[in-house]
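Note that the structure is predicted; figures quoted are calculated from it, not measured. FYI, the numbering just counts along the sequence from 1.
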Amino acid sequence: MTLWPALAAFNLLLACVALGLYVRERQRQRHLTTRLSTVSLQVASRAERDELTGMLSRSGFDLVLERRAQATDGETGAFCVLYIALDNFALLHEALGQKSGNLMLREVSRRLGRCVDTTAEGCHVATGEFSLLINGALESGSACARR
């Protein structure tokens with residue numbers, strides 16, 4: 001009969017250890033889930049922005065364009081898309097080097113940003129290629145293109 005209290009105490013001790021391990025594992029899972037969520041948001045944000053120019057990336061621009069197109073009802077909410085390609089940029093990039101080419105791309109993106117209002121969206125589509133999403137009808141797009 002003296003063996004039963006010792007066995008019960010041992011079982012209780014094992015249960016406490018198992019519960020402690022379970023709680024620790026759940027805390028670790030919550031921490032990892034939170035960290036994964038944070039990293040996921042950072043990756044999504046980086047995917048939508050071009051690190052070199054700060055403009056939208058191609059995928060980010062596609063998302064904005066899709067949302068804008070869905071919101072347009074035909075009469076209000078008109079917008080224009082301007083496409084800008086730098087002639088012979090690849091030759092300049094090769095001749096002057098990557099550092100000079102990157103400086104040029106940053107400067108072009110800065111100047112494009114000055115040509116549009118704060119509601120317009122700019123995109124660095126590819127090397128030497130940009131797109132601008134301008135609010136308004138054709139007149140607004142034409143005015144921006146002239147600037």
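Hydrophobic clustering (ILVMFWY, side-chain heavy atoms < 4.5 Å, transitive): Leu105 and Leu112 are in one cluster. A single hydrophobic cluster is not seen to contain both Ile134 and Phe61; linkage of ILVMFWY side chains at heavy-atom distances under 4.5 Å, directly or through other members, places them apart. Following chains of ILVMFWY side-chain contacts shorter than 4.5 Å, one cannot reach Leu133 starting from Val108, and the two form parts of different hydrophobic clusters.
Met55 has its side chain out of reach of Glu121: every pair of non-hydrogen atoms, C-beta onward, lies at least 4.5 Å apart. A 4.5 Å side-chain heavy-atom check between Ser140 and Asn135 finds every atom pair outside the cut-off. Side-chain contact between Phe130 and Leu82 is absent, with no heavy-atom pair separated by less than 4.5 Å.
Between the side chain of Arg58 and the backbone N or O of Val125, no donor-acceptor pair lies under 3.5 Å. For the pair Ser109 (side chain) and Arg106 (backbone), a donor-acceptor distance under 3.5 Å is present.
Separating the CG atom in Leu32 from the CD atom in Gln27 is a distance of 12.0 Å, to the nearest 0.5 Å. Atom CG in Leu63 sits 13.0 Å away from atom CZ in Arg68 (nearest 0.5 Å). Taken to the nearest 0.5 Å, the CG atom of Leu19 stands 12.5 Å off from the CG atom of Leu14. Atoms CD and CZ, from Glu51 and Arg49 in turn, are 12.5 Å apart once rounded to the nearest 0.5 Å. Here the CZ-CZ distance, from Arg28 to Arg35, works out to 14.5 Å after rounding to the nearest 0.5 Å.
Contact detail for Ala137 and Cys80: the closest heavy-atom pair is O-SG, 3.2 Å. Contact between Ser57 and Cys123 at its shortest, heavy atoms only, is O-SG, 3.5 Å. Residues Glu129 and His124 come closest through the heavy atom pair O-CD2, 3.5 Å.
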Would you tabulate the side-chain donor-acceptor contacts of residues 84-95 under 3.5 Å, counting partners in other chains and residues two or more places apart, or write 'none'?
none

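Of the N and O atoms on the side chains of Gln29 and Arg26, at least one donor lies less than 3.5 Å from an acceptor on the other residue.
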For the pair Asp50 and Thr53, evaluate side chain to side chain donor-acceptor pair (under 3.5 Å) and give the outcome as yes or no after the intermediate values.
-> CA-CA 6 Å; Asp50 177 57; Thr53 63; 2.7 Å; yes
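Partners of Arg24 according to the side chain to side chain contact (heavy atoms under 4.5 Å, CB included) rule, which considers only residues two or more places apart in sequence or in another chain, are Leu21.
For CZ of Arg111, the number of neighbouring non-hydrogen atoms (other residues, nucleotides, ligands) closer than 6.0 Å is 12 at most.
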